[in-house]
Q: 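Structure provided below as structure tokens; questions to follow.
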Amino acid sequence: LNAGSDLSFSEDDWDSRRHVKLDGEAFFKVAKGQTFTVETSSGSVTVLGTQFNVLRREGVFIVSCYEGLLRVEHGGTARELSAGMGYRWVNGEMELFEVSASLPSWTEDESSFRSMPLSFVLEELERQYDVEVDTREVDTRALFTGTFSNTNLDLALQSISAPQQLGYSLEGNKVLIYAQNAP
């Protein structure tokens, strides 16, 4: 379970109905057996035996299949994903993509992004480090591709700010990210 995420299920009927509700992000290794379903407010994922990651945050729904086969239901459409495939819906745009890693990056203390709005990246930084991020003269709609460390805040801030040509300052648990030409 990644930072800022919640998972719930019913213990009473678990043996007959393996069904969980997810808000946030989680990686699952499911033994073969009965159907296992992950339900989010954006869609659901149903599997028999596989390894997969589900990320559901505001405006974002991403499912990555690392092993086996799964079914993604979202927006009234169902798609099957096999190992090495992913489903991505960000701010109303859907795409299928290739999954090249063997595990989600967050399970190895990193957060990785491919063409994600900077606002989403900064929200993830807030979750990982329990900090408050404020921006000054920054286009948070700009797309970010890269990785930041989940174990070193200064390195994470450098990884985000350098490619975007941004500056930052840190005081306690407050982070200010600003355009280099901003005062």
Q: Can you tell if the side chain of Leu81 reaches within under 4.5 Å of the side chain of Leu96, non-hydrogen atoms only?
A: yes
Q: Over all heavy atoms of both residues, which pair between Ser161 and Tyr168 is shortest? Give the atoms and the distance, please.
A: OG-CD2, 3.5 Å
Q: Looking at Val72, Thr46, Leu70, Leu69, which hits side-chain contact (heavy atoms from CB on, under 4.5 Å) with Glu80?
A: Leu69
Q: Any chance you could measure Asn150, atom CG, to Ser105, atom OG, to the nearest 0.5 Å?
A: 7.5 Å
Q: Taking the six-membered ring of Phe120, is the NZ or CZ of Arg57 close enough (under 6.0 Å from the centre) and on axis enough (within 45°)?
A: no
Q: Would you give the length of the straight line joining atom OG1 of Thr151 to atom CD of Glu110, rounded to the nearest 0.5 angstrom?
A: 8.5 Å
Q: Which atom pair, heavy atoms only, marks the closest approach of Ser44 to Thr37?
A: CB-CG2, 4.3 Å
Q: What heavy-atom pair brings Ala78 and Glu73 nearest, and what distance separates the two atoms?
A: CB-CG, 4.0 Å
Q: Distance only, no hydrogens: is a donor on one side chain within 3.5 Å (strictly under) of an acceptor on the other, for Asn152 and Ser149?
A: no
Q: If you count every heavy atom of other residues, nucleotides or ligands that lies below 6.0 Å from Glu95 atom CD, does the total exceed 12?
A: yes
Q: Within the side chain of Glu126, is there an N or O that forms a donor-acceptor pair under 3.5 Å with the backbone of Val133?
A: yes
Q: Thinking salt bridges, do Arg127 and Glu25 make one under a 4.0 Å N-O criterion?
A: no
Q: Please determine whether residues Leu155 and Ile160 belong to a single hydrophobic cluster, defined as Ile, Leu, Val, Met, Phe, Trp and Tyr linked transitively by side-chain heavy-atom distances below 4.5 Å.
A: no
Q: Nearest 0.5 Å please: distance from the CG atom of Leu166 over to the CD atom of Gln158.
A: 13.0 Å
Q: Side chains of Leu22 and Leu1: does their closest heavy-atom pair fall under 4.5 Å?
A: yes
Q: Out of curiosity, Arg88 CZ to Ser115 OG, how far, rounded to the nearest 0.5 Å?
A: 6.0 Å
Q: Examine Trp106 and Phe52 and state if one hydrophobic cluster contains both, with Ile, Leu, Val, Met, Phe, Trp and Tyr joined whenever side-chain heavy atoms are less than 4.5 Å apart.
A: no
Q: In the single-linkage hydrophobic clustering (I, L, V, M, F, W, Y; side-chain heavy atoms under 4.5 Å), do Leu118 and Val131 co-cluster?
A: yes
Q: Any sub-3.5 Å donor-acceptor pair from Ser119's side-chain atoms to Arg141's backbone N or O?
A: no
Q: Between Asp23 and Arg56, is there a side-chain heavy-atom distance shorter than 4.5 Å?
A: yes
Q: Counting C-beta onward and ignoring hydrogens, is there a side-chain heavy-atom pair between Val138 and Gln164 closer than 4.5 Å?
A: no
Q: Evaluate the criterion side chain to side chain contact (heavy atoms under 4.5 Å, CB included) for residue pair Lys174 and Asp134; output intermediate values, then yes/no.
A: CA-CA 8 Å; Lys174 305 227 186 269; Asp134 191 15; over 6 Å; no
Q: Which atoms form the tightest heavy-atom contact between His74 and Ser42, and what is the distance?
A: CD2-O, 2.6 Å
Q: Would you say the side chain of Met94 lies within less than 4.5 Å of the side chain of Thr77, judging by non-hydrogen atoms?
A: no
Q: Once rounded to the nearest 0.5 Å, what's the spacing between atom OH of Tyr66 and atom CE of Met85?
A: 14.0 Å
Q: On a heavy-atom basis, which atom in Leu125 and which in Ala156 lie closest, and how many Å separate them?
A: CD1-CB, 3.9 Å
Q: When you compare the side chain of Cys65 with that of Tyr87, does any pair of heavy atoms fall below 4.5 Å?
A: no
Q: For Asp154, look at atom CG and say whether over 12 heavy atoms of other residues, nucleotides or ligands are found less than 6.0 Å away.
A: yes
Q: Can you confirm whether Leu157 sits close enough to Ile177 that some side-chain heavy atom of one is under 4.5 Å from a side-chain heavy atom of the other?
A: yes
Q: To the nearest 0.5 angstrom, please state how far the CG atom of Asp13 sits from the NE2 atom of His19.
A: 9.5 Å
Q: Could you check if a side-chain atom of Leu170 sits within less than 4.5 angstrom of a side-chain atom of Tyr129, using non-hydrogen atoms only?
A: no
Q: What is the minimum heavy-atom distance between Thr107 and Phe27, and which atoms define it?
A: CG2-CB, 4.2 Å
Q: Check whether Val30 and Leu103 end up in the same hydrophobic cluster, where Ile, Leu, Val, Met, Phe, Trp and Tyr are linked by side-chain heavy atoms less than 4.5 Å apart.
A: no
Q: Hydrophobic clusters here meaning ILVMFWY residues chained together by side-chain heavy-atom distances under 4.5 Å, can you tell me if Phe113 and Val99 are in one?
A: yes
